[in-house]
Amino acid sequence: MQESYPMLSVEEALTRVLSMFAPLPAEQVQVQDALHRVLATDVVAEMDIPPLANTAMDGYAVRVADTADATPERPRRLRVVDYLAAGYVREEPIAPGTAVRIMTGAPVPPGTEAVIPFEDIKVEGDEILVFKPIAMHKNVRAAGEDVQKGQVVLTAGAFLRAQEVGMLAALGHARVTVHRRPRVAILSTGDEIIDVDAPWQPGKIRDANGYTIAALVQHYGGEPIRLGVARDTIDELTHKLQAGLDAGADMLVSSGGVSMGDFDVVKKVLAAEGEMHFWRVRMKPGKPLAFGQIRGVPLLGLPGNPVSSMISFLLFGRPALQKMQGMTPTSLPSRTAILMDAVKRKDRRRHFVRVWLEEKDGKTLAHLTGDQGSGILLSMVQAHGLAVIPEDVDHLPPNSPVQVLLFD
Ligand code: AMP
Ligand code: MG
């Protein structure tokens, strides 16, 4: 029976999962709320930044020619005719032989071409003494030196970090067009699962997955909708998933109930209510993965073991969230490390072993976080990331280089 389900590589499973998702529609947010959102349109500069040529130093704006013959022995005298603080402009050109005292950021007056900093001149009454020639445009920031009018500054799909938020504000965008956040309904399944605040009873364990997945959804830009725990009955599962659909979920995520046991009802509900694909993915932990849709909404059926469900969500749920937000899906950030422990295995699955990292003598060392069982949640708590053991490696001696996927 089990063998009739295809065994997919991680990449094949991901391609099939992603094919069911599309970027969500755009909405507008205030620029101060745009952090970690994803742009839905290109952003073109409507004006130069800086808008006007301005001084990069506190000093005196001068005509360059006026300083050409200045020497320490025969300084050039210039008469100071005006004072400009940042925020003010002088539209009138200055006459030869004059200068304007000017503060950083103030637009340089017409006719002036460079700014001599205070420390390079001497003041005498209403005159300054210049001791050496100044180069053309010295200490002057050209209009548009940062951004030019008409330039595409940010492109659709850009993930907005603090610097992009600042750039949008500088460009005058009080409101920003971003993709709507994905709403993700999360359901834990199992007769044995009780919620965090329920009194413990023999045979029961507390729901970890519902909280881990909700936290991941939030972390990756989605809005979790917690559906709680469903017992292993078709009725209850159907009912709770329906609540997720009613809440407008863009994606349903369940954990548990996708193995080959007697009470693994997620697959049955998926088949009865929509469309069910069930795969075995060539990975460990996290081999079983149910995927399909109910009334057009994709459902990702994660395995129940806490380590498996988190890793499966990172591999398949995270890129789906990225795609819904209009980003190009990426894998977790990774780095190379030296795995200090040996790894042995018999199967041909890609293993994701939990490691903690240490910097030593200019190298990154990775150490296994103890027991690697898929029920050992502490192996995740102690880990910085997942070392990837490729499918074709049977035995990895200590001190082997590995790629480590980092929890970002
Ligand atoms: P299942 O995939 O339903 O067979 O579950 C596999 C294992 O994961 C079982 O030992 C379950 O008790 C455990 N498990 C399932 N769901 C959760 C959950 N939400 N939190 C913690 N452990 C779970
Ligand atoms: Mg179960």
Side-chain angles (χ1 to χ4, degrees), residues 1-2 5 7-8 13 184-219 222 224-241 243-244 249 251-272 276-292 299-317 349 352 354 369-383:
M1 173 65 190
Q2 183 161 333
Y5 294 105
M7 175 82 103
L8 304 183
V184 182
I186 301 155
L187 182 63
S188 302
T189 73
D191 283 3
E192 78 280 30
I193 310 297
I194 53 172
D195 208 344
V196 61
D197 49 2
W200 181 81
Q201 292 162 29
K204 308 295 179 187
I205 59 165
R206 293 221 168 76
D207 179 16
N209 299 346
Y211 291 88
T212 309
I213 303 305
L216 287 171
V217 165
Q218 227 175 331
H219 185 75
I225 303 167
R226 295 184 33 80
L227 300 176
V229 182
R231 283 174 292 135
D232 288 317
T233 66
I234 289 182
D235 267 4
E236 187 160 339
L237 212 65
T238 309
H239 191 76
K240 295 233 154 122
L241 288 174
M251 176 186 189
L252 303 163
V253 180
S254 64
S255 70
V258 293
S259 305
M260 293 296 169
D262 294 344
F263 302 99
D264 293 324
V265 289
V266 169
K267 293 179 288 179
K268 288 183 192 148
V269 169
L270 205 46
M276 202 286 286
H277 309 293
F278 180 67
W279 312 315
R280 290 174 306 137
V281 183
R282 209 171 293 126
M283 62 185 271
K284 184 180 176 178
K287 181 165 66 170
L289 185 72
F291 186 67
L299 183 147
L300 186 62
L302 305 170
N305 275 306
V307 176
S308 313
S309 76
M310 179 165 171
I311 293 179
S312 298
F313 188 85
L314 285 171
L315 292 182
F316 305 111
R349 291 189 273 161
F352 297 95
R354 274 73 74 207
T369 57
D371 188 340
Q372 296 291 307
S374 58
I376 308 295
L377 195 47
L378 205 54
S379 73
M380 293 295 265
V381 171
Q382 292 169 342

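We use all heavy atoms of the structure for the numbers below, so side chains are in, but hydrogens, waters and symmetry mates are not. Note that the structure is predicted; figures quoted are calculated from it, not measured. Counting starts at 1 for both ligands and their atoms, in listed order.
- With K240 contributing its side chain and V229 its backbone, the two residues share a donor-acceptor pair below 3.5 Å.
- Between the CG atom in N209 and the OG atom in S255 there is a gap of 4.0 Å [rounded to 0.5 Å].
- Note that OG of S374 and CZ of R354 are 7.5 Å apart. Values are rounded to the nearest 0.5 Å.
- Under 4.0 Å from any atom of ligand 1, one finds heavy atoms of residues S188, T189, E192, I193, I205, R206, D207, A208, N209, S255, G256, G257, S259, G304, N305, P306.
- The list of side-chain hydrogen bond (donor to acceptor under 3.5 Å, both in side chains) pairs with a residue in residues 189-198, not counting sequence neighbours, reads D195-Y211.
- Partners of T212 under the side chain to side chain donor-acceptor pair (under 3.5 Å) rule, at least two apart in sequence or in another chain, do not exist in this structure.
- Residue pairs meeting the salt bridge (Lys or Arg N to Asp or Glu O under 4.0 Å) criterion with at least one partner in residues 199-217, sequence neighbours excluded, do not occur; the list is empty.
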